[in-house]
Amino acid sequence: MRGDAFPLTGEVEVDETYVGGKAVNAHRGNRGRKTSATPGKRGNLVPPKVGVVGAIARKGNVVCKVIGSMEAPTIKEFVHEAVSKDVSLIASDDHPA
């Protein structure tokens, strides 16, 4: 987060996703190559997909960040930075983090 940003307050929604193209839309020479953002994982992520997490105050601002992994410690760190301790509600999906 930027140093001059302030934490979100009130009712806040948090969600995460991967952003990137599908393998079928990649150039022929790149299809099937293991260029995934996570080395050693099976899959055909061409071009590599990037994890993004965001938080929005229902009556206010939005904070988004590109993150390296979708693991719980990374997402929890984002939430602690982006969301005030004085929120009335944090809504999210069923992601374990």
Side-chain angles (χ1 to χ4, degrees):
M1 275 186 33
R2 294 183 353 203
D4 60 344
F6 53 90
L8 301 174
T9 58
E11 295 180 357
V12 178
E13 294 182 46
V14 179
D15 205 0
E16 73 292 323
T17 190
Y18 283 101
V19 177
K22 292 183 178 181
V24 295
N25 296 329
H27 292 282
R28 256 187 228 135
N30 289 334
R31 292 182 193 157
R33 292 174 75 194
K34 291 185 181 177
T35 58
S36 138
T38 310
K41 292 244 178 176
R42 291 186 157 221
N44 191 7
L45 304 178
V46 179
K49 295 195 179 211
V50 177
V52 178
V53 64
I56 180 171
R58 290 192 177 161
K59 294 184 179 180
N61 296 327
V62 175
V63 178
C64 296
K65 185 176 181 181
V66 175
I67 58 175
S69 73
M70 290 290 186
E71 295 178 2
T74 308
I75 294 175
K76 286 179 184 178
E77 179 183 339
F78 168 79
V79 171
H80 287 295
E81 289 177 3
V83 179
S84 170
K85 293 180 181 179
D86 299 329
V87 295
S88 58
L89 172 73
I90 295 180
S92 185
D93 55 12
D94 57 352
H95 191 278

Handout entry: Verdict with supporting geometry, I56 and N61, side-chain contact (heavy atoms from CB on, under 4.5 Å)
Key = CA-CA 6 Å; I56 180 171; N61 296 327; over 6 Å; no
Practice task
Take E81 and K65, measure what side-chain contact (heavy atoms from CB on, under 4.5 Å) needs, and give me the verdict at the end.
Solution key: CA-CA 11 Å; E81 289 177 3; K65 185 176 181 181; 3.7 Å; yes
Practice task
Start with the C-alpha gap between S84 and T9, add the side-chain angles, then the distance that decides, and say whether side chain to side chain donor-acceptor pair (under 3.5 Å) holds.
Solution key: CA-CA 6 Å; S84 170; T9 58; over 6 Å; no
Exercise for the section: Report the C-alpha separation of F78 and E16 in whole Å, then their side-chain angles, then the decisive distance to 0.1 Å, and conclude whether the side-chain contact (heavy atoms from CB on, under 4.5 Å) test is met. Expected result: CA-CA 11 Å; F78 168 79; E16 73 292 323; over 6 Å; no
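Atoms CD1 and CD, on I67 and E77 in that order, are 9.5 Å from each other to the nearest 0.5 Å.
For D15, the side-chain contact (heavy atoms from CB on, under 4.5 Å) partners at least two apart in sequence or on another chain are D93. Residues satisfying the salt bridge (Lys or Arg N to Asp or Glu O under 4.0 Å) test with E71, not counting sequence neighbours, are none.
Nearest heavy atoms, R58 versus L89: NH1-CD2, 4.1 Å. Scanning all heavy atoms of the two residues, the minimum distance from A55 to V12 falls at CB-CG1, 4.1 Å. Nearest heavy atoms, H95 versus I75: CE1-CD1, 3.7 Å.
One hydrophobic cluster holds both I90 and V53 under the rule that ILVMFWY side chains link at heavy-atom gaps under 4.5 Å.
Ionic pairing of E11 and K59 is not present here: no N-O contact between side-chain nitrogen and carboxylate oxygen is shorter than 4.0 angstrom.
Side-chain atoms of S92 come within 3.5 Å of backbone atoms of V14 as a donor-acceptor pair (strictly under, hydrogens ignored).
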